[in-house]
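Have a look at the structure below before the remarks.
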Amino acid sequence: AIVRNWFLPSYQTGEPLVDRLRKEIEDTRPCLSESSTKNNVTAVNSFERFINETMKGKSSLSIQNVTSDHIRAFERWLLNSGKKPGYVSEQMRCLRSLINRFSDRGRELFKKVRTSVTPSEKRAENEKCFRKLWGIRNSLKKRDGLYCRISLFCFYGMGIPLIDALFLKKSQLKDGVITYYRHKTHRKVTIEIGEELATLLEELMDDDSIYLIPVLTEKDPKKAMREYKRFYQKYMRGLKRISASLGENVHLTSYTPRHSWASIAYKNGVDINVISRALGHSNPNVTLIYIREIEDCQLHEASRIVCRAIR
C-alpha cells in the first residue's frame, strides 16, 4: 500500500511543486498500472505547461504558495484549449492524488474544480451500421479492409476489447470456443465461434502467425505491447476513413464494437448480468449491476441473439 509522508522537505523548504510531483510519480510507479502512471505524467506535464505559459517567472510555485485559484485557472486553461470536461476532471484527480501523498492541502486546493467522474459519451452504433460494415469489408482497400474485419471481429466477439482481440493466440481457440482473460480486469470470458466469427477468422488468420489475428508479430509481451500501440494509431485513422464512407452520423472508434454489442444485446432482451459477464466487467457500476456468475451457455446464447439481430 502507498503510505503518505507528511514530513517531506518539499513541504518545508518550498521545493518547486512540479519537481515534487515528478518525484511522487517515480515513487508510485511500482505500485500503479502503466496506464495510471501515464495519466499522472500527462497531468503533471500539462500543469507545467500551464505554469510556463500563464505564470512566467513563477516556475518555482511550491505547495506552500499554490492556491485553489491557481488550480481553477489550470482547469479553465485546459477547457479553453479544447479538452473535454471528462479529460479535464481526470487531470484534476491525478494532480490531487499526487499532492495528497505529501500534503494535507488536497481538498482545499481542488475545492473550486470538478473532480467527479464524468460519464463517457456513448459510442454505440446500431444494427444497420454493422450490416453495412459486413457488406463493404471486401470492397475496401487492403489495409482498411483489415481494420473493418477487426472491428467486426470485436463486435461479433461479444464486444471483446481491441487489445484482447489482437493478443489472442491460436492456442486459445479450442472446440469452437475462444477463451481469454480480459486485459483490464483479468475476468475470464468465453466466446462461441458462430457463423460470422468463423467467416472472419477464415479471412483473417495466417498460418505463419501464433496469433488469431495476424497483426502482432512479436512473441515477447513487452515488445508486442509496443507493437500494439503503434498499430492502434493506424487503426483509429483507418476507422475514421471507414466512418466517412458509411455516412455523416457514423463515428467508429476502437470502443464502438463493445458499446454497440452491449446496446444491441440489451435492446433484444439479454439480461444485464449476462452482458456484464460477457464484457468482463468487474465493477457493477459499469453495467448497472454485477450480481452473480453467469453460465457460459447463457453467454453463447446472448451472442447468438445479437448475431440474429444483425442478419
Greater than 12 external heavy atoms within 6.0 Å of [X]'s [atom1]:
X: Y181; atom1: OH; answer: no
X: N249; atom1: CG; answer: no
X: K234; atom1: NZ; answer: no
X: D175; atom1: CG; answer: no
X: R107; atom1: CZ; answer: no

Quiz item: Under 3.5 Å, is there a donor-acceptor pair between the N126 and R131 side chains?
Solution: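 N126 vs R131: no donor-acceptor pair found between side chains.
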Quiz item: Between the side chains of R22 and N40, does any donor sit under 3.5 Å from an acceptor?
Solution: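 Judged by distance alone, the side chains do not pair up.
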Practice problem: Name all residues meeting the side-chain hydrogen bond (donor to acceptor under 3.5 Å, both in side chains) criterion together with Q233; count only those two or more places apart in sequence or in a different chain, and write none if there are none. | Solution: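 Per chain and number, Q233 pairs via side-chain hydrogen bond (donor to acceptor under 3.5 Å, both in side chains) with no residue.
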Practice problem: Run through T54, L95, V113 and flag the one making a side-chain contact (heavy atoms from CB on, under 4.5 Å) with F74. | Solution: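 Of the listed options, the one satisfying the test is L95.
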Exercise. Could you tell me whether the side chain of E26 and the main chain of K23 form a donor-acceptor pair under 3.5 Å?
Key: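 No.
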Exercise. Using modelled atom types only, decide if a donor and an acceptor are shared between the side chain of E75 and the backbone of R114 within a distance under 3.5 Å.
Key: yes
Exercise. Can you run down the ring-ring contact (aromatic ring centres under 6.0 Å, His included) pairs that involve residues 204-252, sequence neighbours left out, and say none if there aren't any?
Key: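 For residues 204-252, and leaving out neighbouring residues, the ring-ring contact (aromatic ring centres under 6.0 Å, His included) pairs sorted by first residue read Y147-F231, Y147-Y235, F231-Y235.
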Self-check item: Qualifying residue for salt bridge (charged side-chain N to carboxylate O under 4.0 Å, His left out) with E34, from R29, K229, K222
Solution: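 With E34 as partner, R29, K229, K222 yield a single salt bridge (charged side-chain N to carboxylate O under 4.0 Å, His left out), made by K229.
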Self-check item: ILVMFWY network linking M236 to L152, side-chain heavy atoms under 4.5 angstrom
Solution: yes
Practice problem: Apply the test side chain to side chain contact (heavy atoms under 4.5 Å, CB included) to residues L252 and L246: give CA-CA distance (whole Å), side-chain angles for both, the deciding distance (0.1 Å), then the verdict. | Solution: CA-CA 10 Å; L252 298 175; L246 291 176; 4.0 Å; yes
